[in-house]
Number of protein chains: 2
Amino acid sequence: MGEFKHLCAARFKEGVVVDDIIRELTKLAVELDAVKFFGWGENMLDQEALTRGFTHVFVLTFATAEDLAACLGHGKHCAFGATFMAAVDDAVVMDFPLVFVKPALPPC
Amino acid sequence: MGEFKHLCAARFKEGVVVDDIIRELTKLAVELDAVKFFGWGENMLDQEALTRGFTHVFVLTFATAEDLAACLGHGKHCAFGATFMAAVDDAVVMDFPLVFVKPALPPC
């Protein structure tokens with residue numbers, strides 16, 4: 001079994017309370033059964049040339065691309081998506097099946 | 001125990017054989033004990049406005065920020081880093097401790 005990732009790197013507009021965004025995203029991830037994993041991180045790399053100013057990363061994991069597509073089309077996600085995109089100054093979003101190299105299998 | 005992530009989104013120059021890059025990165029990840037996890041993915045989201053043209057994601061996991069710093073300063077990484085940066089057309093790199101929300105604990 002693989003894992004299908006929905007990854008977003010973001011930088012927020014001035015005045016946005018990122019904790020509020022994370023709280024809403026947490027609620028959404030908990031509510032949607034198809035979300036197998038949700039985690040986030042705040043960048044600690046101090047090299048603007050590499051980070052391009054992105055400050056946060058959000059990662060959601062689904063069993064399949066179809067599960068992700070179903071979630072993105074879900075009314076709750078659409079409402080949150082609009083809030084999220086209004087809050088970001090810049091964002092990169094990528095969807096991909098994760099290839100496990102080391103270790104060669106997903107964690108149990 | 002947390003997890004410290006080193007994440008890179010990249011788009012490669014024309015003519016670069018991405019499989020060769022992945023092969024070299026795999027060798028490096030296997031050799032360096034501090035690398036707890038290495039995985040990668042090829043973007044499948046067909047929305048340039050969101051992906052910003054990035055085609056691949058690489059994720060390395062370390063136990064701590066210190067382990068990552070030690071690896072980045074390792075001669076083998078430095079040699080690979082130069083190869084990698086010469087091959088990319090554009091890249092975003094971020095380092096962050098991953099906050100586990102759902103589930104609330106790292107996998108076993």
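In what follows, chains are A, B, ... by sequence order, proteins preceding strands, each numbered from 1.
To the nearest 0.5 angstrom, A/L7 atom CG is 10.0 Å from B/N43 atom CG. Atom OG1 in B/T51 sits 7.0 Å away from atom CE in A/M94 (nearest 0.5 Å). Here the CG-CD distance, from A/D95 to B/Q47, works out to 8.5 Å after rounding to the nearest 0.5 Å. Taking CZ from A/F96 and OG1 from B/T55, the interatomic distance works out to 11.5 Å, rounded to the nearest 0.5 Å. One finds the CE atom of A/M44 at 14.5 Å from the NE2 atom of B/H6 (value rounded to the nearest 0.5 Å).
Nearest heavy-atom pair, A/K102 versus B/V35, reported as atom, atom and distance to 0.1 Å: NZ-O, 2.8 Å. Among all heavy-atom pairs drawn from A/R52 and B/A91, the shortest one is NH1-O, 3.1 Å.
Among B/D46, B/L45, B/L68, the residue with the largest count of heavy-atom pairs under 4.5 Å with chain A is B/L45. With chain A as partner, the option from B/T61, B/T26, B/V57, B/V59 having the largest number of non-hydrogen pairs under 4.5 angstrom is B/V57.
Under the 4.5 Å side-chain contact rule for hydrophobic residues, B/F80 and B/V30 do not share a cluster.
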Evaluate the ring-ring contact (aromatic ring centres under 6.0 Å, His included) criterion for residues B/F100 and A/F37: first the C-alpha distance (whole Å), next the side-chain angles of each, then the deciding distance (0.1 Å), finally the verdict.
CA-CA 8 Å; B/F100 288 80; A/F37 170 85; 5.6 Å; yes

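Of the atoms belonging to B/H56, it is backbone heavy atoms, and not side-chain ones, that fall under 4.5 Å from chain A. Contacts between B/L25 and chain A at a heavy-atom distance below 4.5 Å are absent for every atom of the residue. With a 4.5 angstrom heavy-atom cutoff, B/K36 touches chain A only via backbone atoms.
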